[in-house]
Amino acid sequence: SSSNDVKDEL
Amino acid sequence: MNMFRFLGDMTHLFSVLVLLLKIHTIKSCAGISLKTQELYAIVFATRYLDLFTDYISLYNTVMKLVYLGSSLSIVWYMRRHKLVRRSYDKDQDTFRHHFLILPCLILALLINEKFTFMEVMWAFSLYLEAVAILPQLVLLQRTRNIDNLTGQYVFLLGAYRSFYILNWIYRYFTEVHYVHWITWISGLVQTLLYGDFFYYYFHSWKNNEKLQLPA
């Protein structure tokens, strides 16, 4: 799973 | 934000705006699948729920609102506008897009980064975006109508897909812990399906060119 919580892509 | 990501966003934005502007200007949507456009509207609506919960940047917020607004406008034109709706190939655009929504939702419930409403909706929007081009592909194969599906639209969508993949590769190698399996795999599936769409577009385009040659 992801360690990058912020979804900063569109 | 790297250049690939920015160019990906811009080409994606232009693909939607070009289509909207074209429908608005010529008052026709012949060759455009309403099913695909509705799926894209659902994709944006479910992915950008975080507009209400998280603030990332002004750029991010504005882009989300523009994507949402323009895709909803396209759907509105095709369904409600007096002239535009007459040009819609309703009888040919028969792909049962509702049958794409349920499997994507089930998949999102099973495979997500976290079992929360927002994360499930986020995964759902990615799975749905991957397959949303299918009704358009079917319509294109049926009607061979490439008049309104301009080279620009096809080119911009293809550029968007390519730039986003370059962006993921770039981020993977330059950022620590940048891993998004769900995004990557659904993005790859989407690009493969798009490749099919691209192939049929140029195939139809080539055949139309041939038909215009003197016998």
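Because the structure is predicted, anything quoted here is derived from the model rather than measured. Order of the sequence lines sets the chain letters (A, B, ...), proteins ahead of strands, with each chain counted from 1. Both backbone and side-chain heavy atoms feed into the values below; hydrogens, waters and symmetry mates do not.
When heavy atoms are compared at a cutoff of 4.5 Å, B:Asn60 approaches chain A by way of both its backbone and its side chain. Interface residue B:Tyr59: only side-chain heavy atoms are found under 4.5 Å from chain A.
The side-chain heavy atoms of A:Lys7 and B:Glu113, taken from C-beta on, include a pair separated by under 4.5 Å.
Taking a 6.0 Å sphere around CE of B:Met1, one finds it holds more than 12 heavy atoms contributed by other residues, nucleotides or ligands. The 12-atom threshold is exceeded at OH of B:Tyr55, counting heavy atoms of other residues, nucleotides or ligands nearer than 6.0 Å. Surrounding NZ of B:Lys27 are more than 12 heavy atoms belonging to other residues, nucleotides or ligands, all under 6.0 Å away. Other residues, nucleotides and ligands contribute more than 12 heavy atoms inside 6.0 Å of the CZ atom of B:Arg142.
Residues from residues 38-52 of chain B that place a non-hydrogen atom less than 4.5 Å from a non-hydrogen atom of chain A comprise B:Arg47, B:Tyr48, B:Asp50, given in numerical order.
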Discussion item. Quick one, B:His180 with A:Glu9, criterion side-chain contact (heavy atoms from CB on, under 4.5 Å). Give me CA distance, side-chain angles, the key distance, then yes/no.
Written reply: CA-CA 11 Å; B:His180 278 299; A:Glu9 286 175 0; 5.6 Å; no
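For chain A, the option among B:Met63, B:His12, B:Arg5 with the highest count of heavy-atom pairs below 4.5 Å is B:Arg5. Chosen from B:Asn167, B:Asp54, B:Ile182, the residue pairing most often with chain A at heavy-atom distances under 4.5 Å is B:Asn167.
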